[in-house]
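First comes the structure, then the notes that go with it.
Every heavy atom of this structure was used, including side-chain atoms; hydrogens, water molecules and symmetry mates were not.
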Amino acid sequence: DIDYWYAPESGVTFVDYYGKKDNLQTDLTGNSFTFHPVIRRQGVFGNYKLRSKVDFLGGWMHSHDGWVAPDGSSAAFLGNDSYAAIDYYIVQGLAISGRYDLLHQKITGTSGVGLQSNHDWTIGGSKTLTPSGNIIGRIAYGYQSGRDPVAAVKGTDRLFQTDISFNF
């Protein structure tokens, strides 16, 4: 097993999900109705940690969900989303990270506006706040731009975030 010798903290994960849920929606005349879409997700994710200093991560997720438009027509929500990230460990307990997400999504049927894309760039850092590493402080900046798959409305968003994670 070559990964064990050269990158024991690396791996690949496959996800296959099939489920249903109840959505309360409103039609064009203002009447509420319950829709029971089937939700499907398939994805592959992986990481490769090089010399305990750099962690390369990536993944792809396919979505195929039932969809009903406000006019009552049936359709589907389709998505092919991917991401790539790099974590660089400066010293044990201190890391800087960068991530890029690309979302390709569309609604099929008469209410669909065609394929839309969203881009999300994030850069940040994290630091363990205890010797055991169970409390982590994080700070990040992100920029997102793209169009909504329902109405094709273009939007941008800048996000500055900070948090503390408690892992017990």
Side-chain angles (χ1 to χ4, degrees), residues 3 7 9-49 55-87 95-126 136 138-168:
D3 274 350
E9 297 174 356
S10 302
V12 175
T13 301
F14 175 73
V15 174
D16 187 18
Y17 174 80
Y18 175 90
K20 296 181 179 185
K21 70 179 210 175
D22 294 338
N23 276 349
L24 183 61
Q25 294 185 236
T26 306
D27 65 18
L28 293 174
T29 61
N31 297 318
S32 294
F33 66 97
T34 302
F35 176 61
H36 308 282
V38 172
I39 298 168
R40 295 178 196 90
R41 301 280 189 277
Q42 291 87 30
V44 177
F45 307 92
N47 77 302
Y48 186 83
K49 194 165 190 181
D55 200 0
F56 299 94
L57 304 102
W60 169 79
M61 178 73 76
H62 174 72
S63 304
H64 186 163
D65 302 349
W67 184 269
V68 65
D71 66 4
S73 62
S74 294
F77 169 83
L78 302 174
N80 284 298
D81 308 330
S82 58
Y83 82 95
I86 297 176
D87 296 331
I96 57 172
S97 303
R99 178 173 168 147
Y100 173 71
D101 289 74
L102 176 60
L103 310 176
H104 288 296
Q105 302 171 336
K106 71 177 179 178
I107 308 292
T108 65
T110 59
S111 63
V113 293
L115 182 64
Q116 303 298 314
S117 295
N118 279 293
H119 307 271
D120 188 354
W121 296 89
T122 303
I123 187 163
S126 60
I136 302 168
R138 296 181 294 194
I139 189 168
Y141 171 78
Y143 176 79
Q144 181 183 25
S145 66
R147 294 187 180 274
D148 175 84
V150 176
V153 175
K154 182 170 174 60
T156 60
D157 190 22
R158 290 175 177 82
L159 178 65
F160 180 76
Q161 55 193 12
T162 183
D163 63 49
I164 295 178
S165 172
F166 298 92
N167 303 298
F168 294 100

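Here Ser126 pairs with nothing under the side-chain hydrogen bond (donor to acceptor under 3.5 Å, both in side chains) rule; sequence neighbours left out. In this view, Asp65 and Arg41 satisfy the side-chain hydrogen bond (donor to acceptor under 3.5 Å, both in side chains) rule, not counting sequence neighbours. Arg40 is linked by a side-chain hydrogen bond (donor to acceptor under 3.5 Å, both in side chains) to nothing, counting only residues two or more places apart in sequence or in another chain.
In this structure, CH2 in Trp121 is found 9.5 Å from CG in Leu102, a value given to the nearest 0.5 Å. Leu78 contributes atom CG, which lies 8.0 Å from atom CD1 of Ile107 (distance to the nearest 0.5 angstrom). The CZ atom of Arg138 lies 10.5 Å from the CD1 atom of Ile164; values are rounded to the nearest 0.5 Å. If you take OG on Ser82 and CE on Met61, they are separated by 11.5 Å, rounding to the nearest 0.5 Å.
Between the side chain of Ser74 and the backbone N or O of Val68 there is no donor-acceptor pair closer than 3.5 Å. Here the side chain of Thr108 pairs a donor or acceptor atom with the backbone of Ala76 at under 3.5 angstrom.
For residues 95-107, the salt bridge (Lys or Arg N to Asp or Glu O under 4.0 Å) pairs, not counting sequence neighbours, are Arg99-Asp101.
Nearest heavy-atom pair, His104 versus Ser117, reported as atom, atom and distance to 0.1 Å: ND1-OG, 2.8 Å. Of all heavy-atom pairs spanning Gln105 and Asp81, the tightest one is NE2-OD2, 3.5 Å. Scanning both residues, Gly66 and Pro37, for their nearest heavy atoms gives O-CB, 3.5 Å.
Between His64 and His62, the two ring planes are perpendicular [angle over 60°; tilted spans 30° to 60°]. By the 30° and 60° cut-offs, the orientation of the rings of Tyr100 relative to His119 is parallel.
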Without placing hydrogens or testing angles, list every side-chain donor-acceptor pair under 3.5 Å for residues 139-161, not counting sequence neighbours.
from   : atom 1 : to     : atom 2 : distance (Å)
Arg147 : NH1    : Ala152 : O      : 3.0
Asp148 : OD2    : Val150 : N      : 2.8
Asp148 : OD2    : Ala151 : N      : 2.9

Side-chain donor-acceptor pairs under 3.5 Å in residues 12-24, sequence neighbours left out?
from  : atom 1 : to    : atom 2 : distance (Å)
Asp16 : OD1    : Gln42 : NE2    : 3.2
Asp22 : OD1    : His36 : ND1    : 2.5

> Passes side-chain contact (heavy atoms from CB on, under 4.5 Å), Tyr83 versus Leu57? Steps please.
Replying inline: CA-CA 8 Å; Tyr83 82 95; Leu57 304 102; 4.2 Å; yes

